[in-house]
Amino acid sequence: MHYLAAGLRLPTNGLDYTILAIYFVVVLGIGFAARASVKTSLDFFLSGRSLPAWVTGLAFVAANLGATEILGMAATGAQYGVAVVHWYWIGAIPAMVFLGLVMMPFYYRSKVRSVPEFLLQRFDKSAHLLSSILFAFAAILIAGVNLYALSIVVEALLGWPQWVAIVVAGLFVLIYITIGGLSSAIYNEVLQFFVILAALIPLTLLGLKRVGGWDGLTGSLEKSHGQDFLSAWGGTGIGDANPLGANWLTIILGLGFVLSFGYWTTNFAEVQRALSAKNLSAAQRTPLIAAFPKIFIVFLVMIPGLVAAVLVPQIGTPGSDLTYNDAIPLLMQELLPNGVLGIAVTGLLAAFMAGMAANVSSFNTVFTTDIWARYVKKDRPDAYYLRFGRLITAIGVLASIGTAFIAASFSNIMSYLQTLFSFFNVPMFVVFIIGMFWKRASMKSGVWGLVAGTTAAMINYFVIYKQGVIDIPTDQGANFVSAIVGFVAGAVVMVAVTLFTAPKPEAELAGLVYGTESPDTDEVPEEGDSAWYRRPALLGWGAIVLAALCYLPYSF
């Protein structure tokens, strides 16, 4: 990631720092309040499966709404224009709906505590152990991205040294997760969701006012960047050149299917929020409730990016020290008065902490329950695993600080994250989807599908793309192709291995494969869960239709 421009120091005063201090006090207060509910390891790792759907739904969307997304998607808007909507309306909503309607019944009824644990039930120990290691490694890398990005922003905006920002943010995340477990992380994510909105909404409205409203914004951009900059699909024909470096086929297959479904349906940092819900209906509604704010959040990151492209035409141009990553900080400096500025800075810090906390809390669960308790220290008292979970949380935070410097070697944070998703989430998704819908898929096919998918995606990125074997214009385009290659390789190898190895006994597949009866099919919904506005199918299809309607004005 490029360092933010040195001239972006914000004129913060005592009022802004007071708002920031109040936020940190509330965060710690939530952690200490949640501590009273942590009696068992299930309480610590999954909130005792007791949270209502609206809480888990807001936490679900906040866990994804890290500052890397806010800065990165605003930068994408400034660089590529309206094409940023693809990451939301085709790159998130369909997969979130699929998770809620199709996959959550499998996850929740199987009583698993993590995504890798589901692979243990469907395949075997080798698939389980490999997926656990891959996920734990990816979670720490992604948490490090959030920490590194935070240090860059805080140094530029407030003048704090990078190491101070990393230590302070890491320390606060460590304290409230270690004390209150997942409940603390989730309730803080609900708070952080509203703090982030309080930061982005004034920035968006004041930005639009400065450029003469939506008509003034689009008129200026059409003159300076051309009509395709204001169209989601403009210039994406196969063979056409466009800044995104991708055509409609790689957008739909690479982003809309493989990367999107791979992330939203198997990323435990997200699924863990749904697994903490109080019953199956609430678990299904968690990603569906999250889908509705997700549809509209794109405007709060896209519009500031577009405004920055108008107000600062030299942003991202050769010879300028301003990069596209500077879009949000530039507008904060230019538009926000003190007080509102404090809220905006707090919102950015809240977003970084939400992204980091989501990955650290999922890391401690997978490492404790899937690796330590199953392969290292078996059959210990529950209190032992509760203590170990708190210890490994501290280790995870320290490891995240170390991996923050790996992120420093990449020029663009969003490209780095998409690269990680193509390496780790996509192979896990192909194993899930085949195992869930193909009864014959053998026990050994799971681990070999993971190996093949991960290896193929890495070879495509580091050899075929980086060594110039095939000309792919951008990192984002390469990530889309890597995702497709990883998915196809994993699927082909799974089918081939299945033909020569034994299937799992059919009696052990109940509730794990689509069309088989689950032992918990007699679950009775709680009173009120059957109301029409709480029905998962209605919520899911409503989100799909709403996202499709949002696409229409930007498709021509």
Side-chain angles (χ1 to χ4, degrees), residues 17-52 54-60 62-63 65-67 113 143 146-147 150 154 164-196 198 269 272-273 275-278 342-343 345-365 367-369 382-398 400-401:
Y17 280 105
T18 299
I19 293 171
L20 194 58
I22 291 172
Y23 168 73
F24 279 119
V25 169
V26 173
V27 163
L28 292 183
I30 291 174
F32 281 101
R35 184 177 187 178
S37 65
V38 179
K39 300 287 194 280
T40 68
S41 62
L42 185 65
D43 295 332
F44 186 78
F45 295 122
L46 284 179
S47 301
R49 295 185 187 270
S50 62
L51 301 179
W54 73 270
V55 170
T56 55
L58 291 181
F60 189 98
L65 193 60
R113 292 164 293 180
N146 279 277
L147 265 185
L150 177 143
V154 170
V164 172
I166 287 175
V167 170
V168 169
L171 182 63
F172 273 90
V173 171
L174 171 62
I175 291 173
Y176 74 72
I177 294 182
T178 303
I179 292 172
L182 184 63
S183 292
S184 176
I186 285 178
Y187 279 111
N188 266 304
E189 284 160 2
V190 173
L191 167 68
Q192 288 156 348
F193 174 75
F194 291 106
V195 173
I196 292 166
Q272 187 181 28
R273 273 78 195 139
L275 287 178
S276 66
K278 63 182 180 179
I343 294 173
V345 172
T346 303
L348 276 182
L349 292 181
F352 281 116
M353 290 170 66
M356 181 187 177
N359 283 283
V360 169
S361 60
S362 59
F363 164 79
N364 66 24
T365 302
F367 196 93
T368 303
T369 62
D382 186 73
Y384 170 83
Y385 296 118
L386 177 56
R387 289 194 304 272
F388 183 82
R390 288 186 162 127
L391 172 64
I392 202 64
T393 300
I395 295 173
V397 171
L398 293 175
S400 300
I401 292 173

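Every heavy atom of this structure was used, including side-chain atoms; hydrogens, water molecules and symmetry mates were not.
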Exercise for the section: Could you note down all residue pairs passing salt bridge (Lys or Arg N to Asp or Glu O under 4.0 Å) where residues 178-195 supplies at least one of them, sequence neighbours left out? Expected result: E189-R273
Handout entry: Within 6.0 angstrom of Y17 OH, more than 12 heavy atoms from elsewhere
Key = yes
Handout entry: Donor-acceptor pair, side chain of T368 and main chain of T365, under 3.5 angstrom
Key = no
Exercise for the section: Kindly give the heavy-atom pair with the smallest separation between A62 and F193, and that separation in Å. Expected result: CB-CB, 4.0 Å
Exercise for the section: Quick one: closest heavy-atom pair of G31 and I179, and the distance? Expected result: O-CG2, 3.4 Å
Handout entry: Intermediate values then yes/no, side-chain hydrogen bond (donor to acceptor under 3.5 Å, both in side chains), D382 and T40
Key = CA-CA 7 Å; D382 186 73; T40 68; 4.7 Å; no
Completion exercise
Interatomic distance, CD1@I30 vs CD@Q192, rounded to 0.5 Å, equals 8.0 Å
Fill in the blank from the handout: OG (S362) and CG (L275) are apart, to the nearest 0.5 Å, by 11.5 Å
Fill in the blank from the handout: The reported gap from CG in N364 to CD1 in I177 (rounded to nearest 0.5 angstrom) is 7.0 Å
Problem - Greater than 12 external heavy atoms within 6.0 Å of R390's CZ - result: yes
Fill in the blank from the handout: Residues V195 and A350: closest non-hydrogen pair is CG1-CB, 4.1 Å
Practice task
Write down the atom of T56, the atom of S276, and the distance for their closest heavy-atom approach.
Solution key: CG2-OG, 3.5 Å
Problem - Option passing side-chain contact (heavy atoms from CB on, under 4.5 Å) with Y23 (candidates I19, V25, V27) - result: V27
Handout entry: Rounded distance (nearest 0.5 Å) linking atom CG of L398 with atom OG1 of T393
Key = 11.0 Å
Problem - Nearest heavy atoms of I186 and A59, plus distance in Å - result: CG2-CB, 3.6 Å
Fill in the blank from the handout: Taken to the nearest 0.5 Å, the spacing of F367 CZ from F388 CZ works out to 5.0 Å
Handout entry: Residue pair V38 / L386, side-chain heavy-atom distance below 4.5 Å
Key = yes
Completion exercise
Smallest heavy-atom separation, F363 atom then I392 atom, equals CE2-O, 3.6 Å
Practice task
Would you give the length of the straight line joining atom CZ of F194 to atom CG of L58, rounded to the nearest 0.5 angstrom?
Solution key: 5.0 Å
